[in-house]
Enquirer: 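Sharing a structure with you now.
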There are 2 protein chains.
Amino acid sequence: MSQDGVDLGTSLGYLLKEASSVLRAAMEEVLRPLGMSVTHYSCLELLAQRPGLSNSELARGAFVTRQSMNVLLQALERDGYVTRPEQAPVGKALPAQLTPRGRRSLAKASAAVRAVEVRMLAGMTEAEQAGAFRILRSMIGSLRDDGA
Amino acid sequence: MSQDGVDLGTSLGYLLKEASSVLRAAMEEVLRPLGMSVTHYSCLELLAQRPGLSNSELARGAFVTRQSMNVLLQALERDGYVTRPEQAPVGKALPAQLTPRGRRSLAKASAAVRAVEVRMLAGMTEAEQAGAFRILRSMIGSLRDDGA
DNA sequence: CAATCTATGTCAGAATGCTGACATGAGTCA
DNA sequence: TGACTCATGTCAGCATTCTGACATAGATTG
């Protein structure tokens with residue numbers, strides 16, 4: 001076919017998109033019964049591992065804009081899963097924290113998501129997983145470096 | 001930390017999401033000057049390689065719902081990038097075709113996207129790319145098989 | 001043959017995320 | 001010090017995608 005075209009059948013980019021799409025669908029499937037979206041879960045997981053993250057930092061970690069994360073955070077705060085101080089201790093960034101309720105909610109979701117990840121890695125050796133890790137890191141680095 | 005948790009720093013699922021996010025951003029960046037979204041481009045590319053695909057088939061190929069693809073297809077048809085017969089030759093599926101205008105529009109986009117993919121693969125050997133292909137296929141298969 | 005199932009195209013409404021914009025706080029630098 | 005740059009939180013409007021629903025065409029099955 002075209003020399004400068006993109007053969008979807010052999011394109012790593014296309015495959016990456018497909019894998020991401022399937023993973024997202026699988027996560028949504030197990031999170032829906034818990035009344036949680038992927039972004040919702042990502043936010044809680046990020047806060048569990050790095051307490052005190054600001055809205056903007058959470059947004060970057062969940063790969064959405066800070067505006068989108070702000071909408072989510074306000075809902076999570078209203079429903080008692082997360083707390084933020086009234087005033088910023090420094091600058092304008094408001095460090096967010098999980099409440100006990102947030103931690104309980106996350107526990108179930110985290111187990112469910114872990115099961116999905118285990119399923120995804122089924123049939124892959126340790127070495128292959130390590131290779132996958134390195135390769136994905138390489139792709140991310142290459143795209144980011146020359147991005148700006 | 002938690003035994004049943006998901007360590008974002010070492011999670012292949014998280015890394016996959018990150019890679020997909022960065023790739024999408026890179027594609028949007030090069031497609032925006034052409035007035036084209038990623039789904040828009042995907043639709044044209046699919047039609048170039050597999051002429052006669054129906055709306056539902058295009059939706060599956062671009063990883064969106066058929067409703068979303070229908071909205072896009074109607075716009076593409078209105079603007080003269082794509083044609084569909086009035087009546088379905090068989091069943092209800094309407095086979096879509098690129099117009100010359102659609103092909104011209106695709107040519108530029110395809111080259112731009114290919115450049116992004118080349119950039120993404122920079123620094124990876126042939127063997128690593130083959131490994132990446134196999135690994136992504138494995139993940140997709142594992143998630144899909146046990147999905148239902 | 002009739003009933004059922006599956007897949008398709010399409011319409012309508014809702015949810016989600018994004019872009020644009022503004023004010024504010026902190027660091028930088030001349 | 002004062003101007004500038006940058007990051008942040010937040011509001012408003014818009015775009016895109018999704019879910020739900022319906023009618024229809026073909027395949028399957030009893």
Side-chain angles (χ1 to χ4, degrees), chain A residues 17 20-22 24-29 31-33 35-43 46-47 50 52-79 82-97 148, chain B residues 17-18 20-22 24-29 31-33 35-43 46-47 52-79 82-97 148:
Chain A
K17 188 174 173 183
S20 173
S21 169
V22 174
R24 183 175 195 86
M27 287 179 66
E28 280 172 350
E29 187 178 336
L31 288 175
R32 185 170 307 122
M36 208 178 287
S37 73
V38 174
T39 306
H40 183 142
Y41 158 75
S42 299
C43 176
L46 281 163
L47 276 180
R50 317 232 295 271
L53 251 42
S54 72
N55 174 47
S56 288
E57 292 169 324
L58 287 168
R60 280 191 291 270
F63 311 111
V64 297
T65 62
R66 61 179 198 256
Q67 291 90 332
S68 295
M69 182 55 75
N70 193 36
V71 171
L72 174 60
L73 259 187
Q74 286 177 348
L76 290 178
E77 211 173 356
R78 168 173 50 78
D79 297 342
V82 162
T83 52
R84 282 192 290 180
E86 283 291 323
Q87 291 235 337
V90 57
K92 292 191 67 179
L94 300 173
Q97 299 274 350
Chain B
K17 188 175 173 183
E18 180 171 4
S20 173
S21 170
V22 175
R24 183 176 197 86
M27 289 180 64
E28 281 171 350
E29 188 179 336
L31 288 175
R32 185 171 309 124
M36 208 178 289
S37 73
V38 174
T39 306
H40 184 141
Y41 158 75
S42 300
C43 177
L46 282 163
L47 276 180
L53 251 42
S54 71
N55 174 48
S56 288
E57 291 168 324
L58 287 168
R60 280 191 291 271
F63 312 111
V64 297
T65 63
R66 63 182 197 265
Q67 291 92 330
S68 296
M69 182 55 74
N70 193 37
V71 171
L72 174 60
L73 260 187
Q74 286 177 348
L76 291 178
E77 211 173 355
R78 167 174 50 79
D79 298 341
V82 161
T83 53
R84 281 191 293 179
E86 283 290 325
Q87 290 235 336
V90 57
K92 294 190 66 179
L94 299 173
Q97 299 273 349

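Convention: sequence-line order gives letters A, B, ...; per-chain numbering from 1. This is a predicted model, so every value here is computed, not measured.
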Enquirer: First and last nucleotide of DNA chain C touching chain B, 5' to 3', heavy-atom cut-off 4.0 Å?
Expert: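 Using the under 4.0 Å cut-off, the span is C/dT8 to C/dC11.
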Enquirer: What nitrogen or oxygen pairs link the protein and nucleotides 4-8 of chain D at under 3.5 Å?
Expert:
residue	atom	partner	partner atom	Å
D/dT8	OP1	A/R60	NH2	3.1
D/dT8	OP2	A/R60	NH1	3.0
D/dT8	O2	A/K92	NZ	3.2

Enquirer: Measure the spacing between CD of A/Q74 and CG of A/D79 and express it to the nearest 0.5 Å.
Expert: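 Answer rounded to 0.5 Å: 12.0 Å.
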Enquirer: Starting at CE of B/M36 and ending at P of D/dA15, how long is that distance when rounded to a whole Å?
Expert: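 One finds 19 Å between P of D/dA15 and CE of B/M36, rounded.
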Enquirer: Any salt bridge (Lys or Arg N to Asp or Glu O under 4.0 Å) involving residues 68-77 of chain B? Give me the pairs, sequence neighbours left out, ordered by first then second residue.
Expert: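 Pairs touching residues 68-77 of chain B that pass the test: B/E77-B/R84.
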Enquirer: Where each residue is assigned the nucleotide of DNA chain C containing its nearest heavy atom, which of B/P95 and A/M69 is assigned the position nearer the 5′ end?
Expert: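 Looking at DNA chain C, the more 5' nearest nucleotide goes with B/P95.
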Enquirer: Could you tell me which residues satisfy side chain to side chain donor-acceptor pair (under 3.5 Å) with B/T65, sequence neighbours excluded, listed by chain and number?
Expert: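 With neighbours one apart ignored, the set is B/S68.
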Enquirer: Bend angle of the helix from C/dC1-D/dG30 to C/dA30-D/dT1 from five-pair axes at both ends, rounded to 10°?
Expert: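 Axis angle across the helix from C/dC1-D/dG30 to C/dA30-D/dT1, nearest 10°: 30°.
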Enquirer: For DNA chain C, whose closest nucleotide is more 5', that of A/V90 or that of A/V71?
Expert: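 Of the two residues, A/V71 wins.
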Enquirer: Side chains of B/V38 and B/E28, heavy atoms from C-beta outward: is any pair under 4.5 Å?
Expert: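 Touching, per the 4.5 Å side-chain cut-off.
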Enquirer: Are there any protein N/O atoms within less than 3.5 Å of an N/O atom in nucleotides 11-14 of chain D, and if so, which ones and at what distance?
Expert:
residue	atom	partner	partner atom	Å
D/dC11	OP2	A/Q74	NE2	3.4

Enquirer: Under the side-chain contact (heavy atoms from CB on, under 4.5 Å) test, which residues partner B/S20, sequence neighbours left out?
Expert: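 For B/S20 the side-chain contact (heavy atoms from CB on, under 4.5 Å) partners, ignoring immediate neighbours, are A/S20.
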Enquirer: By salt bridge (Lys or Arg N to Asp or Glu O under 4.0 Å), which residues pair with B/R66, not counting sequence neighbours?
Expert: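 Listed in chain order: nothing, the list is empty.
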Enquirer: What distance do A/N55 atom CG and A/K92 atom NZ have between them, rounded to the nearest 0.5 Å?
Expert: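 These two atoms lie 11.0 Å from each other.
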Enquirer: Working to the nearest 0.5 angstrom, can you tell me the gap between A/L53 CG and A/L94 CG?
Expert: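 Interatomic distance, A/L53 CG to A/L94 CG, rounded to 0.5 Å: 12.5 Å.
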Enquirer: Can you tell me if the side-chain N/O atoms of B/T39 get under 4.0 Å from OP1 or OP2 in D/dT17?
Expert: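 It does, given that an N or O in the side chain of B/T39 lies less than 4.0 Å from OP1 or OP2 of D/dT17.
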Enquirer: Working to the nearest 0.5 angstrom, can you tell me the gap between B/T39 OG1 and B/L58 CG?
Expert: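 If we round to the nearest 0.5 Å, B/T39:OG1 and B/L58:CG are 11.5 Å apart.
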Enquirer: Let me confirm one number: the SG-CG distance from A/C43 to A/L72, rounded to the nearest 0.5 Å.
Expert: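 Separation between the atoms: 5.0 Å.
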Enquirer: Does the side chain of B/P85 reach to within under 4.5 Å of the side chain of B/P95, using non-hydrogen atoms?
Expert: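 Yes, their side chains come closer than 4.5 Å.
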Enquirer: Measure from CG on B/L72 to P on D/dC18 and round the result to the nearest Å.
Expert: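 In whole Å, D/dC18 P and B/L72 CG are 12 Å from each other.
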Enquirer: With rounding to the nearest 0.5 Å, note down the distance linking CE in A/M69 to OG in A/S42.
Expert: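 Taking CE in A/M69 and OG in A/S42, the distance rounds to 7.5 Å.
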Enquirer: Does any pair with a residue in residues 52-62 of chain A pass salt bridge (Lys or Arg N to Asp or Glu O under 4.0 Å), and if so which ones, sequence neighbours excluded?
Expert: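 Listed by first then second residue: nothing to list.
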